[in-house]
Amino acid sequence: MRAIILAAGRGSRLAALTEDRPKCLVEVAGRTLLCRQVSALRGGGVRDLGIVRGYRAEAIVVGGATYFENGRWSSTNMVMSLAAAKDWLADGPVIVSYSDIFYTAELVSRLVAAADDLVVAYDLDWRALWERRFADPLSDAETFRTDDAGRLLEIGARARSLEDIHGQYMGLLKFTPRAWKAVESQLAAMEPADRDRLDMTSLLRLLVTVGFSIYTLATRGQWGEVDNLSDIAVYEAMVAAGELELT
């Protein structure tokens, strides 16, 4: 199994922490996010690792990794970083990971074993974490709704109520070549400026709209995303209290 970490961005909301390094090299509880992602991916069954680099690309060095480059990282969004690895995506199944998250090897192994063409992981226990990260969980949480078969119905819109949120999207996905072909078909129909602005949840929402089946994989906690300096303090407090076990 192959995996691609999308690590082209800076993460400007982390201020001085990313002045001299990409966001993935920020530390949580003594290890960088990138180290934690590599450990979880390899522990979950990934053998070939690819990393899409952009900002401060030279700082990202992982033994045995294949590097892809998004030279336009500052003017494009995450889907264009993903497209930099299109040869891998067209060749076989690939786990795709954001670079500002952490998660378990067990979740990766479940994603590796998933049989569907496009699968997204999500957290059923998202609210407990969001209440620690935000004064109002709805201020940041996005819609995520599934049907009884686990197919994705809605993602990435502003949630009006907790009923709109069956879980929280994590930034950890699996694509097969069939799924990537469907993505390329949608990208080919878009204006270049729209492709550059396209984020991942907007892409997933577009695929749902055109009838491509996206399946979901539920987990409960033991993950996190780092958007702000306060997030790091939250996770380190959880580790100290024995509430969070990091890979």
Side-chain angles (χ1 to χ4, degrees), residues 6 9-15 17-18 23-24 26 28-29 33 36-37 77-79 81-82 96-104 107 111 118-173 194 197-210 212-246:
L6 304 178
R10 171 179 173 175
S12 58
R13 282 184 286 182
L14 289 171
L17 286 183
T18 57
K23 191 176 186 181
C24 65
V26 168
V28 175
L33 289 167
R36 297 193 183 283
Q37 292 149 17
N77 216 318
M78 197 170 289
V79 174
S81 287
L82 182 63
V96 174
S97 171
Y98 289 12
S99 69
D100 60 354
I101 61 176
F102 57 85
Y103 40 84
T104 66
L107 179 58
L111 200 53
L118 181 47
V119 184
V120 300
Y122 73 105
D123 182 20
L124 290 168
D125 289 343
W126 70 275
R127 186 174 175 182
L129 179 57
W130 256 242
E131 286 177 345
R132 299 182 80 148
R133 296 178 64 206
F134 307 100
D136 174 12
L138 281 179
S139 68
D140 180 82
E142 297 178 337
T143 58
F144 191 98
R145 295 191 302 108
T146 66
D147 66 13
D148 291 340
R151 283 187 296 263
L152 186 66
L153 298 176
E154 183 180 356
I155 186 172
R158 174 60 69 88
R160 294 184 296 272
S161 71
L162 293 175
E163 286 68 36
D164 293 330
I165 309 172
H166 295 175
Q168 197 62 41
Y169 170 71
M170 300 169 61
L172 187 66
L173 314 84
D194 293 331
R197 288 191 296 265
L198 191 63
D199 60 51
M200 195 71 74
T201 53
S202 296
L203 171 64
L204 296 174
R205 189 163 60 246
L206 177 60
L207 291 173
V208 169
T209 300
V210 301
F212 190 89
S213 292
I214 300 174
Y215 284 84
T216 60
L217 182 66
T219 191
R220 289 190 178 277
Q222 299 304 306
W223 81 285
E225 64 176 359
V226 177
D227 277 343
N228 300 286
L229 293 171
S230 59
D231 287 331
I232 298 173
V234 166
Y235 300 129
E236 291 183 341
M238 291 174 69
V239 170
E243 300 170 337
L244 178 63
E245 296 181 8
L246 295 181

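Sequence positions, counted from 1, serve as the residue numbers for this chain.
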Next item on the list: Report the residues that fulfil ring-ring contact (aromatic ring centres under 6.0 Å, His included) with Phe144, sequence neighbours left out, ordered by chain and then residue number.
Entry: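 Listed in chain order: Tyr122.
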Where the side chain of [X] meets the backbone of [Y], is there a donor-acceptor pair that is under 3.5 Å apart?
| X | Y | answer |
| --- | --- | --- |
| Glu236 | Val28 | no |
| Thr143 | Ala157 | yes |
| Glu225 | Met170 | no |
| Thr18 | Gly11 | yes |

Of all the heavy-atom pairs spanning [X] and [Y], show the shortest one and how long it is.
| X | Y | answer |
| --- | --- | --- |
| Thr146 | His166 | N-ND1, 3.0 Å |
| Gln37 | Ser99 | NE2-O, 2.7 Å |
| Tyr235 | Leu244 | O-CD2, 3.9 Å |

Next item on the list: Applying side chain to side chain contact (heavy atoms under 4.5 Å, CB included), name anything that partners Ala237, two or more places apart in sequence or on another chain.
Entry: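 Testing Ala237 for side chain to side chain contact (heavy atoms under 4.5 Å, CB included), a comparison that skips the adjacent residues, returns none.
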Checklist line | Counterpart residues, side chain to side chain contact (heavy atoms under 4.5 Å, CB included), relative to Leu229 (two or more places apart) | finding: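 Applying side chain to side chain contact (heavy atoms under 4.5 Å, CB included) to Leu229 gives Leu14, Leu17.
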Measuring from atom [atom1] of [X] to atom [atom2] of [Y], what distance do you get when rounded to the nearest 0.5 angstrom?
| X | Y | atom1 | atom2 | value |
| --- | --- | --- | --- | --- |
| Ile165 | Arg160 | CD1 | CZ | 11.0 Å |
| Trp223 | Leu129 | CH2 | CG | 6.5 Å |
| Phe212 | Leu203 | CZ | CG | 10.5 Å |
| Arg132 | Asp231 | CZ | CG | 12.0 Å |
| Leu111 | Leu173 | CG | CG | 7.5 Å |

List for me each residue that meets side-chain hydrogen bond (donor to acceptor under 3.5 Å, both in side chains) alongside [X], sequence neighbours excluded, and say none if there are none.
| X | answer |
| --- | --- |
| Arg205 | Ser202 |
| Asp164 | none |
| Asn77 | none |
| Glu163 | Ser161 |

Can you list everything that forms a salt bridge (Lys or Arg N to Asp or Glu O under 4.0 Å) with [X]? Sequence neighbours excluded, please.
| X | answer |
| --- | --- |
| Arg10 | none |
| Asp100 | Lys23 |
| Arg36 | none |

Next item on the list: Verify side-chain contact (heavy atoms from CB on, under 4.5 Å) between Gln222 and Glu243, making sure each step is shown before the conclusion.
Entry: CA-CA 8 Å; Gln222 299 304 306; Glu243 300 170 337; over 6 Å; no
Margin query: I want to check something: taking the side chain as every heavy atom from C-beta on, are Leu204 and Tyr169 in contact at a cut-off of under 4.5 Å?
Written below: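 Heavy-atom side-chain distance check passes, below 4.5 Å.
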Item checked: Side chain to side chain, Leu198 and Met78, heavy atoms closer than 4.5 Å ->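 Sidechains of Met78 and Leu198: no contact.
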Check: Would you say the side chains of Ser230 and Asn228 form a donor-acceptor pair under 3.5 Å?
Finding: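 No, no side-chain donor-acceptor pair sits under 3.5 Å.
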Check: In terms of side-chain heavy atoms, does Tyr98 have a donor or acceptor partner in Tyr103 at a distance below 3.5 Å?
Finding: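 No, Tyr103 and Tyr98 have no side-chain donor paired with an acceptor closer than 3.5 Å.
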Tabulate below the donor-acceptor pairs under 3.5 Å that side-chain atoms of residues 135-142 make, not counting sequence neighbours, or state none.
{"unit_1": "Asp136", "atom_1": "OD1", "unit_2": "Leu138", "atom_2": "N", "d": "3.1"}
{"unit_1": "Ser139", "atom_1": "OG", "unit_2": "Asp136", "atom_2": "O", "d": "2.6"}
{"unit_1": "Asp140", "atom_1": "OD2", "unit_2": "Trp130", "atom_2": "NE1", "d": "3.1"}

What side-chain donor-acceptor pairs closer than 3.5 Å can you find for residues 213-221, not counting sequence neighbours?
{"unit_1": "Tyr215", "atom_1": "OH", "unit_2": "Arg151", "atom_2": "NH1", "d": "3.3"}
{"unit_1": "Thr216", "atom_1": "OG1", "unit_2": "Gly150", "atom_2": "O", "d": "2.8"}
{"unit_1": "Arg220", "atom_1": "NH1", "unit_2": "Asp125", "atom_2": "OD1", "d": "2.6"}

Next item on the list: Start with the C-alpha distance between Leu33 and Ile101, add both sets of side-chain angles, then the distance that settles side-chain contact (heavy atoms from CB on, under 4.5 Å), and finish with yes or no.
Entry: CA-CA 7 Å; Leu33 289 167; Ile101 61 176; over 6 Å; no
Item checked: side-chain contact (heavy atoms from CB on, under 4.5 Å) between Ile155 and Arg145, worked out -> CA-CA 7 Å; Ile155 186 172; Arg145 295 191 302 108; over 6 Å; no
Item checked: Leu172/Val96 under side-chain contact (heavy atoms from CB on, under 4.5 Å): CA gap, chis, key distance, verdict -> CA-CA 6 Å; Leu172 187 66; Val96 174; over 6 Å; no
